[in-house]
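All remarks here apply to the structure that follows.
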Amino acid sequence: MSKRALITGITGQDGSYLAELLLSQGYQVWGLVRGQANPRRSRISRLMSDLYFVDGDLMDQGSLVAAVDRVQPDEVYNLGAISFVPMSWQQPELVTEVNGMGVLRVLEAIRIVSGLNGSRNGGSQIRFYQASSSEMFGMVTESPQCEKTIFHPRSPYGVAKAYGHFITRNYRESFGMYAVSGILFNHESPRRGAEFVTRKISRAVANIKLGYQDKLALGNLDAVRDWGFAGDYVRAMHLMLQQDGPTDYVVGTGRMNSVRDAARIAFEHVDLDWRDHVVVDPDLVRPAEVETLCADARRAEAELGWTPTVDFAGLMRMMVDADIRQVSREREYEDLQVAVGW
Ligand code: NAP
Ligand code: F7E
């Protein structure tokens, strides 16, 4: 019988790549979707027709118990979150509820459906993956960062993720659950949300190249990240649930680039000079910044056999090429609408 996976956050960047990977391995893939007529649900259904969906929200305990009970999954991947860091200063309570308490609610759903309690900690058949984040390292105490590096989160987002991380470990220790966290560094793709800096740059480069835009406003150009390709990172998530025992892993490329580097590479790809187009907007600088992140992913390489396949320049070029195609199509569609008088 094929394995069943339940993915929260299936309509997001990572959810879509993970669903593709699991389908290619013969899994029956279920996505938890929230809200009425979620437009991103129809988008991912068009991409992959053989997905199953179950309604639920990380804010709602009952819906998660019902979802786990209905799907009876072998593996649960908790990718659902409010993932844009600046939003966590605007709506800190909501972000803490979804990104922190939401993890507890999924663990509770697994515990309840598996019939586990404090005195009976024989474990669950259901394996659990939590999407932890390098944002937990925040103001780093050492570089590069590994599984033992101390957390010093710099945003409500990072603090909520740290709670999710520790509660996952606690359920592993309390109930014998196979529950692990992947501490993933930034990963991007043509499916990345338009608000994140790499995609903001690639989309602007496409618009500028095609003559629809002139300037691109960015915040802190000196911020340094360890950026990889999302398609590589979902392989690590899956591998983490296939091991003999549950262990947390850091996943990243070990390479550092600045926001300035990202802009330079993207503009150069279409023969433009970034300095002619990028302007700094102080309003985009964060109240407390994570200045630099770099992964020490040696444990993932040694134990999971995981290595990235796409380097940073290749990633930025892939995103620019995809956005040139997308912007061109969008503009053609808009022209068509004007032509028919819409
Ligand atoms: P994303 O594209 O922003 O997707 C977030 C997903 O969460 C969407 O499917 C969204 O669904 C869902 N969601 C939001 N609120 C929810 C709620 N209340 N209940 C259920 N689902 C909800 O994020 P991503 O880049 O794929 O990241 C996946 C996970 O990895 C996130 O937890 C993120 O924090 C974490 N992470 C990401 C990175 C990275 O660089 N990408 C690095 C480390 C960790 P809707 O369609 O309903 O909005
Ligand atoms: O910012 C700087 C900004 O928003 C990266 C999420 O997936 O990865 C992501 O979080 C850097 C920051 O990603 C702009 O200040 C400059 O230093 O692309 P980002 P993030 O905040 O690192 C982690 C691992 C996650 O877990 C998160 O879910 O770029 N920056 N100028 C800018 N950032 C944005 N968004 N926009 C700018 O104009």
Side-chain angles (χ1 to χ4, degrees), residues 7-19 31-36 38-44 55-60 63-64 67 77-88 94-95 97-99 101-103 105-106 129-138 153-155 157-158 160-161 164-165 181-189 191-201 204 216-230 233-234 237 251-252 257-260 262-263 278-293 295:
I7 303 174
T8 76
I10 196 160
T11 57
Q13 170 188 255
D14 291 6
S16 71
Y17 283 108
L18 180 63
L32 183 95
V33 285
R34 66 173 175 141
Q36 211 178 319
N38 184 331
R40 306 215 289 171
R41 170 182 168 160
S42 29
R43 192 180 68 185
I44 193 166
D55 291 320
D57 195 306
L58 290 167
M59 300 282 284
D60 186 85
S63 71
L64 297 173
Y77 296 86
N78 183 37
L79 311 186
I82 296 171
S83 71
F84 188 47
V85 173
M87 199 170 154
S88 73
L94 178 65
V95 169
E97 275 292 338
V98 176
N99 297 7
M101 290 296 287
V103 186
R105 292 188 190 107
V106 180
Y129 173 87
Q130 166 56 19
S132 284
S133 164
S134 53
E135 278 291 300
M136 299 186 305
F137 295 124
R154 295 274 283 166
S155 61
Y157 170 89
K161 282 285 176 183
H165 186 82
S181 294
I183 307 175
L184 270 50
F185 284 60
N186 299 53
H187 45 279
E188 322 291 311
S189 73
R191 298 181 195 169
R192 186 59 143 152
E195 62 276 35
F196 298 94
V197 76
T198 54
R199 184 79 198 285
K200 186 173 169 184
I201 292 171
L216 164 62
L218 294 174
N220 179 9
L221 299 181
D222 296 323
V224 167
R225 289 291 182 277
D226 176 336
W227 278 292
F229 171 53
Y233 287 49
V234 299
M237 297 176 188
V251 176
N257 282 281
S258 64
V259 171
R260 186 179 287 99
V278 172
V279 293
V280 172
D281 178 352
D283 284 347
L284 293 170
V285 176
R286 298 175 181 187
E289 175 66 292
V290 173
E291 293 294 345
T292 172
L293 288 172

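First listed ligand is number 1; within each ligand, the first listed atom is number 1. Model, not experiment: these values are computed from the prediction.
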Close-contact set for ligand 2 against [X] heavy atoms, below 4.0 Å:
X    : value
S134 : 24 (C)
S83  : 6 (C), 27 (C), 28 (O)
Y157 : 25 (C), 26 (O), 27 (C), 28 (O)
G219 : 14 (C), 16 (C), 31 (N), 38 (O)
K200 : 37 (C), 38 (O)
S133 : 23 (C), 24 (C), 25 (C), 26 (O)
E195 : 34 (C), 35 (N)

Does a side-chain heavy-atom distance below 4.5 Å link M237 with L79?
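Yes, at least one pair of side-chain atoms sits under 4.5 Å.
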Using side-chain heavy atoms (C-beta onward) and a distance below 4.5 Å, is D55 in contact with V33?
yes
What do you reckon, does [X] have a nitrogen or oxygen under 3.5 Å from a nitrogen or oxygen of ligand 1?
X    : value
L79  : yes
N38  : yes
I82  : no
S133 : no

Which of the numbered atoms in ligand 1 are below 4.0 angstrom from a heavy atom of [X]?
X    : value
N186 : 40 (O)
A131 : 29 (C), 30 (O), 32 (O), 35 (C)
D57  : 17 (C), 18 (N), 19 (N)

Give the residue and atom name of whichever protein heavy atom lies nearest to [atom], and the separation in Å to one decimal.
atom                    : result
atom 15 (O) of ligand 2 : E289 OE2, 2.6 Å
atom 1 (O) of ligand 2  : R286 NH2, 3.3 Å
atom 26 (O) of ligand 1 : D14 N, 2.8 Å
atom 1 (P) of ligand 1  : S83 OG, 3.6 Å
atom 38 (C) of ligand 1 : H187 CE1, 3.2 Å
atom 43 (C) of ligand 1 : L184 O, 3.1 Å
atom 8 (O) of ligand 2  : N186 ND2, 3.1 Å
atom 6 (C) of ligand 1  : G9 CA, 3.6 Å
atom 4 (O) of ligand 1  : G12 CA, 3.4 Å
atom 32 (C) of ligand 2 : V197 CG2, 3.5 Å
atom 19 (N) of ligand 1 : L58 N, 3.0 Å
atom 12 (C) of ligand 2 : R225 NH2, 3.4 Å
atom 45 (P) of ligand 1 : T11 OG1, 3.4 Å

From CG (N99) to NZ (K161), nearest 0.5 Å
5.0 Å
With a heavy-atom distance limit of 4.0 Å, tell me whether [X] approaches ligand 2 through its side chain, its backbone, both, or neither.
X    : answer
A223 : side chain
V85  : side chain
R192 : side chain
K161 : neither

Among [options], whose heavy atom sits nearest [atom]?
atom                    : options          : value
atom 17 (C) of ligand 1 : E97, R34, Q130   : R34
atom 14 (C) of ligand 1 : G15, G80, A81    : A81
atom 2 (C) of ligand 2  : V259, L284, D281 : V259

Which segment of [X] sits under 4.0 Å of ligand 1 when only heavy atoms are counted:
X    : result
R40  : side chain
K161 : side chain
S132 : backbone

Can [X] be said to touch ligand 1, with heavy atoms closer than 4.0 Å?
X    : value
Y157 : yes
T8   : no
R192 : yes

Checking ring pair (Phe, Tyr, Trp, His ring centres under 6.0 Å) between H187 and each of Y233, W227, Y17, which is the one that passes?
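In the set Y233, W227, Y17, the residue that makes a ring pair (Phe, Tyr, Trp, His ring centres under 6.0 Å) with H187 is Y233.
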Yes or no on side-chain contact (heavy atoms from CB on, under 4.5 Å) for V98 and M59, after CA distance, side-chain angles and deciding distance?
CA-CA 6 Å; V98 176; M59 300 282 284; 3.5 Å; yes
Would R286 and S155 count as a side-chain contact (heavy atoms from CB on, under 4.5 Å) if you check the C-alpha gap in whole Å, the side-chain angles of each, and the deciding distance to 0.1 Å?
CA-CA 9 Å; R286 298 175 181 187; S155 61; over 6 Å; no
Evaluate the ring planes of Y129 and Y77, with Trp represented by its six-membered ring, and classify them as parallel (under 30°), tilted (30 to 60°) or perpendicular (over 60°).
tilted
Measure up the F185 and F137 rings against each other and bin them: parallel (under 30°), tilted (30 to 60°), perpendicular (over 60°).
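The rings of F185 and F137 sit tilted, inter-plane angle from 30° to 60°.
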Minimum heavy-atom separation for L58 to A81, with atom names?
CD1-N, 4.3 Å
Decide, yes or no, whether a salt bridge links K200 with E188 under the criterion of side-chain N to carboxylate O below 4.0 Å.
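Salt bridge between K200 and E188, a charged N being under 4.0 Å from a carboxylate O: no.
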